[in-house]
Amino acid sequence: MSNLQQKYLDMVNQSLESYVYPVTDGQDIVRDAMLYSLKNGGKRVRPMLTLAFCEVCGGNPHDALPFACAVEMIHTYSLIHDDLPCMDDDDLRRGKPSCHKQFGEANALLAGDGLLTLAFETVTKAENIASADIVRAVKVLSNLAGCAGMIGGQVIDLLSEEKSVDYNTLHCIDKLKTGALIQAAALLGCIAAGITDKSILRAAEVYAENIGFAFQVIDDILDVTADTETLGKPVGSDEKNEKSTFVKLLGLEKCRQLANDLTDSAVSALETMPGDTAFLRAFAQLLAKRKQ
């Protein structure tokens with residue numbers, strides 16, 4: 001892990017808990033469930049992208065922390081809900097019992113709801129960012145996390161269970177379910193830096209689209225090649241849920257090549273960014289080589 005990656009990781013981890021403020025009327029169990037999932041490790045890919053894009057665009061990454069933490073809250077809520085029996089019914093998340101196994105289904109559901117709503121409250125706490133840019137951030141995040149983005153992808157994913165779907169449908173699921181929030185993370189970093197140049201915003205989108213696609217392809221590979229201890233969640237869950245995957249459609253070797261090609265495309269998109277993109281280039285390569 002590079003020094004800059006560690007710096008971003010520390011910034012995010014130190015800030016996340018501070019935004020989950022104490023409650024005093026007896027609803028502590030839901031706050032505990034929110035923090036349980038929020039603090040349960042993870043690569044922090046999305047918030048690190050927000051901080052990195054802010055800095056590449058000439059902004060102060062500390063100013064972007066509320067945006068970064070908001071994206072991670074939405075990602076975490078989506079994982080809580082994904083693990084529920086009505087969705088993927090997974091008992092493990094990052095090597096620990098899933099939120100619903102630890103706190104019960106009802107509290108897990110409410111913890112996810114709590115993180116979703118808290119995310120938008122957190123966006124508004126970006127004190128050193130112009131009000132107009134906070135509004136832009138809310139618009140982008142709500143759009144890409146909603147029915148036109150992450151939630152829409154989950155819906156299509158559920159509808160595709162126990163069915164054979166083609167490459168285009170699978171790509172659509174990935175673009176929405178996984179890629180949309182990664183795209184939001186990159187764009188929020190640019191917005192935090194006050195960027196309005198459409199060519200820069202588009203470059204951030206293309207980078208995010210490609211690493212998001214690659215991320216899901218690698219996930220599909222790991223679901224059949226990794227073990228539960230290394231991955232921190234049950235392997236073979238796609239097979240259990242009778243889901244189509246890129247590995248099923250293309251095979252392992254073509255999936256590995258696809259992930260490499262997507263990573264190269266992501267790196268190429270950074271050429272129009274205004275600042276030093278060394279971290280973002282290395283980060284894309286790191287995600288393509290991950291083992292968990």
Side-chain angles (χ1 to χ4, degrees), residues 4-21 34-35 38-39 42-78 114-146 148-150 179-209 211-212 269-270 272-280 283:
L4 188 53
Q5 186 178 351
Q6 188 63 58
K7 172 190 168 184
Y8 289 152
L9 186 62
D10 290 344
M11 287 169 64
V12 171
N13 286 338
Q14 289 165 15
S15 299
L16 275 171
E17 188 170 358
S18 68
Y19 289 115
V20 187
Y21 46 80
M34 291 163 66
L35 283 172
L38 198 60
K39 293 168 64 178
K43 291 172 282 293
R44 307 298 193 205
V45 168
R46 294 152 191 82
M48 281 201 279
L49 285 176
T50 300
L51 300 184
F53 270 99
C54 178
E55 192 157 17
V56 165
C57 290
N60 184 339
H62 288 276
D63 294 341
L65 271 170
F67 288 6
C69 290
V71 173
E72 187 68 1
M73 289 174 187
I74 290 182
H75 174 57
T76 303
Y77 115 74
S78 74
L115 285 169
L116 171 60
T117 49
L118 181 60
F120 290 99
E121 180 181 350
T122 301
V123 169
T124 68
K125 294 181 177 180
E127 296 177 355
N128 296 321
I129 294 177
S131 297
D133 288 330
I134 291 175
V135 171
R136 289 171 65 204
V138 169
K139 183 177 180 180
V140 166
L141 189 55
S142 56
N143 174 260
L144 291 172
M150 182 183 71
L181 200 59
I182 292 175
Q183 185 180 335
L187 288 173
L188 259 62
C190 298
I191 292 170
I195 294 295
T196 57
D197 186 315
K198 290 183 179 179
S199 65
I200 295 175
L201 295 172
R202 181 55 188 154
E205 285 181 327
V206 172
Y207 174 90
E209 287 170 1
I211 67 165
L270 295 171
T272 58
M273 299 303 294
D276 184 356
T277 60
F279 172 81
L280 288 170
F283 196 56

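All values reported here derive from a predicted model rather than from experimental measurement. All values below were derived from every heavy atom in this structure, side-chain atoms included, with hydrogens, water molecules and symmetry-related copies excluded.
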Q: Report yes or no: does Thr50 contribute a side-chain atom to a donor-acceptor pair with the main-chain N or O of Ala185 at less than 3.5 Å?
A: yes
Q. Could Lys198 and Glu205 be called an ion pair, given the rule that one side-chain N must be under 4.0 Å from one carboxylate O?
A. no
Q: For the pair Asp133 and Arg136, find out whether any cationic side-chain nitrogen is under 4.0 Å from an anionic carboxylate oxygen.
A: yes
Q | Rounded distance (nearest 0.5 Å) linking atom OG1 of Thr122 with atom CD of Glu72 | A | 12.0 Å
Q.
Using 0.5 Å steps for rounding, measure from the OH atom of Tyr77 to the OG1 atom of Thr117.
A. 10.5 Å
(Q) Against Leu144, only a single residue in Val71, Ile182, Ile74, Leu187 fulfils side chain to side chain contact (heavy atoms under 4.5 Å, CB included); can you say which? (A) Leu187
Q: Output the distance between atom CD1 (Ile211) and atom CD (Gln183), rounded to the nearest 0.5 Å.
A: 11.0 Å
Q.
Is any side-chain heavy atom of Cys57 closer than 4.5 Å to one of Ile200?
A. yes
Q) What are the two closest heavy atoms between Thr124 and Ile134, and how far apart are they? A) CA-CG2, 4.2 Å
Q. Does the pair Met73 and Leu116 meet the rule for a side chain to side chain contact (heavy atoms under 4.5 Å, CB included), with working shown?
A. CA-CA 7 Å; Met73 289 174 187; Leu116 171 60; over 6 Å; no
**Q.** side chain to side chain contact (heavy atoms under 4.5 Å, CB included) between Phe53 and Leu188, intermediate numbers included
**A.** CA-CA 8 Å; Phe53 270 99; Leu188 259 62; over 6 Å; no
Q | Contact summary for Ala192 and Ala64, nearest pair of heavy atoms | A | CB-CB, 3.7 Å
Q: Evaluate the criterion side chain to side chain contact (heavy atoms under 4.5 Å, CB included) for residue pair Tyr207 and Met273; output intermediate values, then yes/no.
A: CA-CA 11 Å; Tyr207 174 90; Met273 299 303 294; over 6 Å; no
Q.
Tell me the closest heavy-atom pair linking Ala269 and Ala203, and the distance in Å.
A. O-CB, 3.4 Å
Q: Kindly compute the distance separating CG (Leu51) from CG (Asn60), expressed to the nearest 0.5 Å.
A: 10.0 Å
Q) What pair of heavy atoms forms the shortest contact from Ala137 to Val123, and how long is it? A) CB-CG1, 4.2 Å
Q. For Leu141 and Leu181, what are the C-alpha separation, side-chain angles and deciding distance, and is it a side chain to side chain contact (heavy atoms under 4.5 Å, CB included)?
A. CA-CA 8 Å; Leu141 189 55; Leu181 200 59; 4.0 Å; yes
**Q.** pair Leu118-Met34: side-chain heavy atoms closer than 4.5 Å
**A.** yes
Q.
Any non-hydrogen side-chain atom of Glu55 less than 4.5 Å from a side-chain atom of Tyr8?
A. yes
Q: Quick one: closest heavy-atom pair of Ser199 and Asp197, and the distance?
A: OG-OD1, 2.5 Å
**Q.** Side-chain heavy-atom pair Leu49, Leu280 within 4.5 angstrom cut-off
**A.** yes
Q. If you round to the nearest 0.5 Å, how far is CE of Met48 from CZ of Phe283?
A. 4.0 Å
Q. If you take all heavy atoms of Ala186 and Ala208, which pair is closest and at what distance?
A. CB-CB, 4.0 Å
Q. When rounded to the nearest 0.5 angstrom, what is the spacing between CD in Glu17 and SG in Cys69?
A. 11.5 Å
(Q) Does either side chain, that of Glu121 or that of Tyr19, offer a donor lying less than 3.5 Å from an acceptor on the other one? (A) no
Q) Heavy-atom distance under 4.5 Å between the side chains of Val56 and Phe279, does that happen here? A) no
(Q) Taking NZ in Lys139 as the centre, count heavy atoms belonging to other residues, nucleotides or ligands within less than 6.0 Å. Is the count above 12? (A) no
